[in-house]
Amino acid sequence: GAGVSQSPSNKVTEKGKDVELRCDPISGHTALYWYRQSLGQGLEFLIYFQGNSAPDKSGLPSDRFSAERTGGSVSTLTIQRTQQEDSAVYLCASSRGDQETQYFGPGTRLLVL
Amino acid sequence: DQQVKQNSPSLSVQEGRISILNCDYTNSMFDYFLWYKKYPAEGPTFLISISSIKDKNEDGRFTVFLNKSAKHLSLHIVPSQPGDSAVYFCAASRPGDGNEKLTFGTGTRLTIIP
């Protein structure tokens, strides 16, 4: 497909379990972003990858959150020892480069019980 | 601390009329502003943007106005169409962040009444 894809679309997990969320950016896009939207909140920046540069992790809320981007393409956001406050929609976006329009995926809705 | 605020969670407008969505920000360092539109079960899509050196940017039926002294921007849609029904997010970024680190508002759900 031509757009950003994310999987799974929905994830229900128990408190304390680890989860992995996947993002497939648009082919050729060098920049990739993760955001989350908690209930009643705006989208919150989490992490940004640009090419081979070190990622900007300044938005990650705790050390339980980490993200990788393999081969400059697919990215995985991992949340360890999930907590109920991690419940949110996690959105991935990609762009052609710095200061280019971000194209968003449909998101993964995470529910931690 | 919500640096970008959309105080109206919802708005209903008659088809053909003007829709005005408002956004306020608190961080005077923001210099670039964007509007995104989101349909259910889809990610947000970019709509229109404005740099702080301008006070107006127009693209077809969509116009964004920026009032830097009031730290306020608005999105005008005219005429409103049923397909405009969606959630609209205002976003902002600071110098040096470019388009990377966007700070989003909580969104306004716009409903166009046929």
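Source: prediction; values computed, not measured. Proteins come first, then strands; the chains are lettered A, B, ... in the order of their sequence lines, and each starts at number 1.
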- Query: Would you say B:Ser49 and A:Thr101 make side-chain contact, with heavy atoms under 4.5 Å?
  - Reply: no

- Can you establish whether the number of heavy atoms outside A:Glu68 located under 6.0 Å from its atom CD is more than 12? no

- With only heavy atoms counted, which part of B:Gln6 is less than 4.5 Å from chain A, the side chain, the backbone, both or neither? neither

- Heavy-atom closest contact (B:Ala41 atom, A:Pro106 atom, distance): O-CB, 3.6 Å

- Item | A:Arg64, CZ atom: more than 12 neighbouring heavy atoms under 6.0 Å | yes

- Message: Could you measure the distance from the CD atom of A:Gln37 to the NZ atom of B:Lys38? Nearest 0.5 Å is fine.
- Response: 7.0 Å

- Message: Looking only at the aromatic ring of each residue, does the gap between the centers of A:Phe104 and B:Phe46 stay below 6.0 angstrom?
- Response: no

- Task: Look at atom CZ of B:Arg61 and say whether more than 12 heavy atoms of other residues, nucleotides or ligands are closer to it than 6.0 Å.
- Result: yes

- Message: Do B:Tyr88 and B:Leu73 sit in one hydrophobic cluster, given that two such residues count as connected whenever their side-chain heavy atoms are within less than 4.5 Å of each other, even indirectly?
- Response: yes

- Message: Hydrophobic clustering (ILVMFWY, side-chain heavy atoms < 4.5 Å, transitive) - are B:Val13 and B:Leu75 grouped together?
- Response: yes

- Identify the two heavy atoms, one from A:Leu43 and one from B:Pro44, that lie closest to each other, and give their separation to 0.1 Å. CD2-CG, 4.2 Å

- Message: Looking at A:Leu113, I'd like to know if its CG atom is crowded, meaning that more than 12 non-hydrogen atoms belonging to other residues, nucleotides or ligands lie closer than 6.0 Å.
- Response: yes

- Nearest heavy-atom neighbours spanning B:Lys101 and A:Asp56: CE-OD2, 2.8 Å

- Task: Go through the steps to decide whether B:Phe104 and A:Glu44 satisfy the test side-chain contact (heavy atoms from CB on, under 4.5 Å), and finish with yes or no.
- Result: CA-CA 7 Å; B:Phe104 283 83; A:Glu44 173 190 4; over 6 Å; no

- Please check if B:Phe30 and A:Tyr35 belong to a single hydrophobic cluster, counting links between Ile, Leu, Val, Met, Phe, Trp and Tyr side chain heavy atoms closer than 4.5 Å. no

- Item | Within-4.5 Å side-chain heavy-atom neighbours: A:Phe45 and B:Leu102 | no

- Query: Of the backbone (N, CA, C, O) and the side chain (C-beta and beyond), which part of A:Ser58 lies under 4.5 Å from a heavy atom of chain B, both, or neither?
  - Reply: side chain

